[in-house]
Structures are given as C-alpha cells and as structure tokens.
Amino acid sequence: MKRSFWIAGLVVLFVLALTACGGNGSNNQTGNSAAAGGSAANAAPSATAEATREPSSSPAAAESETRTIEYMGEQYTVPANAERIVITGSMEAMEDALVLDVHPVGAITFGGAFPERFAAITDKAESIGEKTEPNFETILKLKPDVILGTTKFKPEVVEQLKKIAPLIQVSHIASNWEANLNLLAELTGKQDKAQAAIAEYQADLGKAKALLGDKLKDKKVVALRIRAGQVFIFPAAVFVNPILYNDLGLAVPAEVEAAKAQEAISVEQLASMNPDILFLQFAADENAEAATALEDLQNNPIIQKINAMKNDKTFVNVIDPLAEGGPAWSRVQFLRAAVEQLNK
C-alpha cells in the first residue's frame, strides 16, 4: 500500500513539473511580445513609412521573395509577385495598364474621378490624388508592392514615396514607350501582351507609310496642346511628335526642333509658324478656367489665315484629349486616326 502511494506521489510531481515548464514557455513568449510592442511604441516619430508597414509572418522568407529588374539602365529590387501596384503622377503608366489590362490598387484621378477611358482598369482602384498631387497617406494605407511614379516628380515627392514602397519613376519621354510598356509587363508577367501591342503598332506603321508615300514630303505638320487656356508646343521627342517625325518620317519644323520642353507660344508665334496641317488637343479638364480657349483660338482672325485653317486641315482631338501621345495606347490610336486625316 505504501508503495502505491509513493508511485502516485511521483506521478503528481511529474505532472506539476511539466505544467511549470509549459507555464515558463508561455510567460517567455508573452514577455517577448511585450518587449517587441514596447520597442515599436518607443520608435521615433520620424520613422519611415516603410517601417510602419505590417511585417511579414516569415521575415526571412519575405526577404528572399524579391527579384531585381532593370529599367532605363537602373536596377530595382521589387517583390517577386508585385500584385499591389499604385500609379501616381504617370499617365504613361496608366495608359500602359490599359493596354496590358493591369488593375492597380491606386490610380490617378482628375477632379476626384477616374477618366472614363480608364474605367476598364480602375474597377478595383482607389484615388491616390491628382496627377501632380499624390496623397501619401492613402498610398501608405494601400500597402503597395510597387509604386510607379513619374520622372517629373520633384525630389521631395520622390523621397516620400520611396519611404512607402519600391518606387520606379516612369519616363515621360515619348521615345521610351517600349521600355515603359515592358517595365509594367515584367512586373505583372504580361510580356506576351506587351510584345503583341508593339507588334500591332509596327504593323500599322508599315501600312501607314505605304499609304502616305511622299504625299507629305513638303508639308509642315505640327501637333499642339491647349492647357490652361494657352497653346503649347513640344520637343520632337515628346507628345505625339515621335510618331510624326521619327516613325512617319515627316520633316521636323524648326520651331519644334528649337523647343527644349513643353513651351507656351503666342497667337503671333503660331501664325508665324504657319503649319500646313495642325493637330490640336483640347481637354476640358485641363482648361477648367478657360473653357472657351479652343473656340477663341479657332475664331481668332490671325489664326484663321494660317494654311491649316484656310485649307481645312486643322484636326481637333483625333484621340482622347487626355491622351499622353507617347505611350503604346496613344501611339496605336493616334497613328490610325492621324493617317486617316492625313490621307484625305
């Protein structure tokens, strides 16, 4: 009987020991969590936005799930699966998303709304601000994998965005359209779509050259844009100019050659330029305080004397007035529309 009590006592002691060990483990975990929480709470208020993002459940695994891509001679480290893309400032990236059917989680709005032509890709997107005014707080809340910005952003904006997620500044130079399209394609695994879009444009270009021949050899063709009530001219590498002068091989007017950037020109300068064919882009969203700017220009007695106006060769908004002109979407659309007009 004594032996039975002795064995029972040993069993009880063994169970108590196991319980104590388990309790110590639990207490240690709680202590570690509290310490971690304390560290986070005591972090400096100036900690970067990136540091405020929720950590991965497996830091080591998350760190290894990245890849390096190259764009315009620079290398960028991005998540292996860049599913949450935010587009800010770059209409080029917006147009490329339209071509590749990429649905960003955050995108640019105009007057607080997404333009109708982007409806197909903004169904899952939140507004992250206007074209030149990114909302950093909203972008941070969206927890993007990658942010596609613009080379037009000021340094202080670039630094803020870099604190949130890997930032790639998409070129606004029209001649970089293929690099831009291939960048988004590589990020999203849609290389086939990108190559198909490039091939489509090249095929259309071949047909256009054959159709036009030397018909425009001695013609001065100019594309201008009306913004905030002013008429702007662009360098040969910007807007739709590469399509006209590089791809179609039209002569570059001296005024376009001389332009160093987007430059406002006066009515007198336009009259002096005297283009034979004029493409005009006018968007109401870009002329909110100058709603009659297009009509005023067309009705101006000085402008009515230029060749393009006298010969009915002035074409307004042959594509969407908000189109950038350089990206793949703009190229395909503008080439087809312009050739239709130029061949008349």
Side-chain angles (χ1 to χ4, degrees), residues 47-56 62 65-72 74-172 176-177 179-190 193-194 285 322 324 327-329:
T48 65
E50 185 177 4
T52 66
R53 299 179 70 188
E54 292 184 8
S56 168
E65 293 174 357
T66 61
R67 57 188 169 123
T68 300
I69 63 173
E70 186 171 328
Y71 167 68
M72 301 296 293
E74 298 288 335
Q75 291 190 328
Y76 299 88
T77 300
V78 298
N81 296 311
E83 297 178 351
R84 299 184 63 79
I85 293 176
V86 161
I87 300 175
T88 175
S90 177
M91 292 301 291
E92 291 78 10
M94 289 288 289
E95 288 197 21
D96 287 343
L98 196 59
V99 171
L100 300 178
D101 192 32
V102 172
H103 298 240
V105 295
I108 304 165
T109 50
F110 283 76
F114 294 119
E116 181 61 31
R117 73 186 179 99
F118 293 119
I121 60 162
T122 53
D123 54 325
K124 301 175 183 177
E126 288 188 35
S127 168
I128 48 75
E130 304 295 289
K131 182 177 178 181
T132 59
E133 300 172 352
N135 186 315
F136 302 116
E137 184 178 353
T138 300
I139 295 173
L140 177 62
K141 288 179 181 178
L142 289 174
K143 299 179 181 179
D145 295 318
V146 176
I147 299 173
L148 296 179
T150 174
T151 45
K152 292 182 180 180
F153 273 153
K154 295 179 179 179
E156 55 268 30
V157 175
V158 171
E159 289 307 309
Q160 287 295 324
L161 292 173
K162 283 183 176 179
K163 293 177 182 179
I164 300 174
L167 169 69
I168 302 177
Q169 291 176 263
V170 178
S171 174
H172 69 281
N176 294 326
W177 72 281
N180 290 350
L181 186 65
N182 286 327
L183 165 66
L184 185 58
E186 186 172 357
L187 283 172
T188 58
K190 298 197 174 188
K193 273 184 172 289
D285 289 337
L322 286 176
E324 283 299 295
W329 187 90

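Keep in mind that what you see is a predicted model, and the values were worked out from it rather than measured.
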Legend entry - side-chain contact (heavy atoms from CB on, under 4.5 Å) partner of Ile69, the single match among Asn182, Thr77, Ile168: Ile168
Inset, instruction - Answer whether the closest heavy-atom distance between the side chains of Arg67 and Val78 falls below 4.5 Å. - result: yes
Inset, instruction - Identify whether the distance between the nearest side-chain nitrogen and carboxylate oxygen of Lys141 and Glu137 falls below 4.0 Å. - result: yes
Legend entry - Glu116, CD: over 12 other non-hydrogen atoms inside 6.0 angstrom: no
Legend entry - Least distance between heavy atoms, Val86 atom then Pro144 atom: CG2-CB, 3.7 Å
Legend entry - Closest heavy-atom pair and its distance - Glu324, Lys131: OE2-NZ, 3.5 Å
Inset, instruction - Check Met72 against Ala179 and note the closest heavy-atom contact, atom names and distance. - result: SD-CB, 3.8 Å
Legend entry - Lys152 side-chain N/O to Gly89 backbone N/O, donor-acceptor pair under 3.5 Å: no
Inset, instruction - Would you indicate whether the side-chain heavy atoms of Leu148 and Leu187 approach each other to under 4.5 Å? - result: yes
Inset, instruction - State the CG-OG1 distance between Asp145 and Thr188, to the nearest 0.5 angstrom. - result: 12.0 Å
Legend entry - pair Leu184-Val99: side-chain heavy atoms closer than 4.5 Å: no
Inset, instruction - Give, for atom CD of Glu95 and atom CD1 of Ile121, the distance between the pair rounded to the nearest 0.5 Å. - result: 9.5 Å
Inset, instruction - Quick one: pull up CZ in Phe136 and CD1 in Ile147 and give me the separation to the nearest 0.5 Å. - result: 9.5 Å
Inset, instruction - For residues Ala125 and Pro104, report the shortest heavy-atom separation together with the two atoms involved. - result: CB-O, 3.3 Å
Inset, instruction - Could you check if a side-chain atom of Gln160 sits within less than 4.5 angstrom of a side-chain atom of Phe153, using non-hydrogen atoms only? - result: no
Legend entry - Residue pair Arg117 / Trp329, side-chain heavy-atom distance below 4.5 Å: yes
Inset, instruction - Report the distance from atom CG of Leu181 to atom CG of Leu100, rounding to the nearest 0.5 Å. - result: 5.0 Å
Inset, instruction - List the atom of Leu142, the atom of Gly106, and the distance in Å for their closest heavy-atom pair. - result: CD1-CA, 3.8 Å
Inset, instruction - Locate the shortest heavy-atom distance separating Asp96 from Pro327; write the atom from each residue and the value. - result: OD1-CB, 3.9 Å
Legend entry - Side-chain donor or acceptor of Thr138 paired with backbone N/O of Ile128 under 3.5 Å: no
Legend entry - Spacing of Tyr76 atom OH and Leu167 atom CG [to the nearest 0.5 Å]: 7.5 Å
Inset, instruction - Drop me the distance from Thr150's OG1 to Met94's CE, to the nearest 0.5 angstrom. - result: 13.0 Å
Inset, instruction - Indicate whether the side chain of Glu130 and that of Thr109 have a donor and an acceptor atom separated by less than 3.5 Å. - result: yes
Legend entry - Within-4.5 Å side-chain heavy-atom neighbours: Asn135 and Ile139: no
Inset, instruction - Kindly indicate whether the side chain of Lys163, heavy atoms from C-beta on, has any atom under 4.5 Å from the side chain of Leu161. - result: no
